[in-house]
Amino acid sequence: MKIKKRSFGKYLTGLFSISDLVLVNLLFGITCLICPEIGHALRVKTLWVLVNTAYLPVMLWMSGKPHQQRVLLMDHVVKNAFVVVGIHALFFFSLLAFLEIDGLPLHGYLIFYCLMAVGIPLWWIISRRIIKGLRRHGYNFLRVAIVGTGPTAMRLLEELQSDAGFGYKVLGFFSDNPTPTFNGTLLGNIDQMHQMVADLQIDQIFYTLSGSNEETLAKAVKATDDNVIKFYYVPQVSRRVARSFELHNVGVMPVLSIRRNPLNSTINRALKRTFDLLFSSVVLVFFWPFVYVPVAILIKRSSPGPVFFKQERTGYKGRTFKCWKFRTMKVNADADKQQATKGDSRTTRIGEFLRKTSIDELPQFINVWKGDMSVVGPRPHMLRHTEDYTKLIDLYMVRHAVKPGITGWAQVNGYRGITDELWKMERRVEHDVWYIENWNFLLDLKIVVRTVINAVHGEENAF
């Protein structure tokens, strides 16, 4: 079996670690040019040494990993970059305090860390694209083999080969009893595995058989231990189980949580709630005289009835709350049962404009401020919809594991408006569950920006 050599892969970790350090020095040099007072306040060489000293712990900790990790969401790359900037600042200012260096211009440091906050994430994104390009051309890959030929093994193969940029070269499978439908490359049985791992220079083994066969498992582990390569145990789970897991321990027994929710973390909840309060406060304070009051007047003049429409909807953990909106329809008995449709005769002229621009949703910032909703999250649905769709869609109630939002991942991906066909709600639920399992603060910011852009352009499904 001839495979192209991996060539310079072993040098990449060191190269990328050095490149990060070079970038930090370049950014500090730019800072000195922008803010020459730094050099006047203290010998710039001293500061340069401190900047590099503060980055050394970060460089040793990261070891080039952000550039080379094979499967990592881009949002996580940016998040890790911001963490690095924060850690560098902590070490740097600690050194300044320890050496009793003061009297330096504060705006110089502000410029430096702003440049780092932009430069490091940008470089990491570019470098990851370079590495993925190299992997797609057959470089910097890992030779892997899979133990087992069942459904779990086939699903793993599909994931490993889903993106050539991950850099996995699947050489084949080991199995004592291949499944009848197996048509892949069989490298040998479990007893042959020890020698084949060495002969083929395999880097990683993925074990997909049941852990109940301890003899087979022991042989596979020994083959990897003796050859000093990585061994991964792949639990046999159904496709119906969520793709994200969290590993916990009950005593010494490992257990898997099938639903990952980053907002179970107190820190993450506090960060999201802080953003909700700040963002909703700004909107309520600045939009009240310029938007809320004029819109209220127009609504009152358009048709008899209240300015706000308050509808009971399903919220966090299935609790009911009153969702606020600007009234966009004539008062009618079907408001709590029937969704708005295109050309709906109940919608007023000003109501059409409010829905098209999403201005009708602005009162929901009151819900956010009260704690019933979040700026970003799954959209809250009418109680009747919750009752109906819970019976039709398996994961429907999972979307209530977080607070509902004014906007969400489903909405910015086109799944908003009327759900007159079941598949539309299924796609919406899929996006909502993905959002819950992959939440991070940068994702929320991304959704907010895309929502604003969509509101400015106008949305086809907003009626």
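Values reported hereafter were calculated over all heavy atoms of this structure, with side chains retained and with hydrogens, waters and symmetry mates removed. On a predicted model such as this, the values are computed, not experimentally measured, just so you know.
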Legend entry - Heavy-atom side-chain contact between L362 and W288 under 4.5 Å: no
Legend entry - E352 with K356: basic N within carboxylate O range, under 4.0 Å: no
Legend entry - Spacing of L134 atom CG and R136 atom CZ [to the nearest 0.5 Å]: 10.5 Å
Legend entry - Aromatic contact, Y232 with F206 (centres under 6.0 Å): yes
Inset, instruction - Give, for atom CZ of F308 and atom NZ of K322, the distance between the pair rounded to the nearest 0.5 Å. - result: 14.0 Å
Inset, instruction - Specify whether H431 and Y415 have parallel, tilted or perpendicular ring planes, treating 30° as the upper limit for parallel and 60° as the lower limit for perpendicular. - result: tilted
Inset, instruction - Answer with yes or no after comparing the ring centroid distance for F141 and Y168 against a 6.0 Å cut-off, counting only values under it. - result: no
Legend entry - Check: S281 and F365 side chains under 4.5 Å, non-hydrogen atoms: no
Inset, instruction - Quick one: do R450 and W409 satisfy side chain to side chain contact (heavy atoms under 4.5 Å, CB included)? Show the steps, please. - result: CA-CA 10 Å; R450 286 181 60 175; W409 184 240; 3.8 Å; yes
Legend entry - F287 atom CZ, neighbour heavy-atom count above 12 within 6.0 Å: no
Legend entry - Donor-acceptor contact present, side-chain Q236 to main-chain T208, <3.5 Å: yes
Inset, instruction - For atom CZ of R349, decide whether the heavy atoms of other residues, nucleotides or ligands shown that lie under 6.0 angstrom number more than 12. - result: no
Legend entry - N-O pairing of D203 and R143 below 4.0 Å: no
Inset, instruction - Specify the closest pair of heavy atoms between V24 and M116, including all atoms of both residues, with the distance to one decimal. - result: CG2-CE, 4.3 Å
Legend entry - Within-4.5 Å side-chain heavy-atom neighbours: Q411 and I447: no
Inset, instruction - Scan L277, L278, V368 and name whichever one has a side-chain contact (heavy atoms from CB on, under 4.5 Å) with V375. - result: V368
Inset, instruction - Kindly indicate, with the supporting measurements, whether the criterion side chain to side chain contact (heavy atoms under 4.5 Å, CB included) is fulfilled by R355 and M329. - result: CA-CA 10 Å; R355 285 177 174 272; M329 292 183 172; 3.7 Å; yes
Inset, instruction - Run the numbers on T314 and R319 for side-chain hydrogen bond (donor to acceptor under 3.5 Å, both in side chains), then give the verdict. - result: CA-CA 6 Å; T314 308; R319 299 165 190 159; over 6 Å; no
Legend entry - Heavy-atom closest contact (Y316 atom, P404 atom, distance): N-CD, 3.8 Å
Legend entry - Check: F353 and T328 side chains under 4.5 Å, non-hydrogen atoms: no
Legend entry - Distance (rounded to the nearest 0.5 Å) between N189 CG and M196 CE: 10.0 Å
Inset, instruction - Check whether the side chains of H385 and Y396 place a donor and an acceptor atom closer than 3.5 Å, and report yes or no. - result: no
Legend entry - Side chains of D191 and K219 in contact at under 4.5 Å (non-hydrogen atoms): yes
Legend entry - Over 12 non-hydrogen atoms of neighbours within 6.0 angstrom of CG in L392: yes
Inset, instruction - Output, in order, the C-alpha distance, side-chain angles, deciding distance and verdict of side chain to side chain contact (heavy atoms under 4.5 Å, CB included) for L383 and E387. - result: CA-CA 6 Å; L383 301 185; E387 184 180 343; over 6 Å; no
Inset, instruction - Supply the atom-to-atom distance L171 CG to L200 CG, rounded to the nearest 0.5 angstrom. - result: 6.0 Å
Legend entry - Exercise: identify the closest heavy-atom pair between D432 and A410: OD1-CB, 3.6 Å
Legend entry - CD1-CG distance between I436 and L263, expressed to the nearest 0.5 angstrom: 8.5 Å
Legend entry - Student check: side-chain heavy atoms of K403 and R273 closer than 4.5 Å: yes
Inset, instruction - Return yes if a side-chain donor-acceptor contact under 3.5 Å exists between H88 and Y113, otherwise no. - result: yes
Inset, instruction - Grab the two heavy atoms, one from S162 and one from F166, that are nearest each other, plus how far apart they are. - result: OG-CE1, 3.5 Å
Inset, instruction - Could you tell me whether a side-chain N or O of K222 sits under 3.5 Å from a main-chain N or O of H194, the two making a donor and an acceptor? - result: no
Legend entry - Sidechain-backbone polar pair: R399 side chain, R379 backbone, donor-acceptor under 3.5 Å: yes
Legend entry - Nearest heavy-atom neighbours spanning P294 and P289: CD-O, 3.5 Å
Inset, instruction - Please find out if less than 6.0 Å separates the ring center of F326 from that of F309. - result: no
Inset, instruction - Taking all non-hydrogen atoms of both residues into account, name the closest pair between G119 and L23 and its distance. - result: O-CD2, 3.7 Å
Inset, instruction - Check the side chains of D276 and S374 for a donor-acceptor pair under 3.5 angstrom, ignoring hydrogens and angles. - result: yes
Legend entry - Donor-acceptor pair between D20 and W124 side chains, under 3.5 angstrom: yes
Inset, instruction - Answer yes or no: are there more than 12 heavy-atom neighbours, outside D225 itself, under 6.0 Å from its atom CG? - result: yes
Inset, instruction - Determine, for R427 against E430, whether the closest basic-nitrogen to carboxylate-oxygen distance falls under 4.0 angstrom. - result: yes
Legend entry - Beyond-backbone contact of P262 with E437, side-chain heavy atoms, under 4.5 angstrom: no
Inset, instruction - For the residue pair T224 and K230, confirm or rule out a side-chain donor-acceptor distance under 3.5 Å. - result: no
Inset, instruction - May I have the step-by-step check of side chain to side chain contact (heavy atoms under 4.5 Å, CB included) for W369 and L284, ending in yes or no? - result: CA-CA 9 Å; W369 208 88; L284 290 171; 4.2 Å; yes
Inset, instruction - Please determine, by modelled atom types, if T407 and T451 share a side-chain donor-acceptor pair under 3.5 angstrom. - result: yes
Inset, instruction - Without swapping roles, check the side chain of R428 against the backbone of P378 for a donor-acceptor pair under 3.5 Å. - result: no
Legend entry - Flag, side chain of K272 to backbone of V376, donor-acceptor distance under 3.5 Å: yes
Legend entry - Side-chain heavy atoms of L354 within contact of K325, under 4.5 Å: no
Inset, instruction - Any chance you could measure D444, atom CG, to K446, atom NZ, to the nearest 0.5 Å? - result: 12.0 Å
Inset, instruction - Examine distances only and state if a side-chain atom of T179 and a backbone atom of T149 form a donor-acceptor pair shorter than 3.5 Å. - result: yes
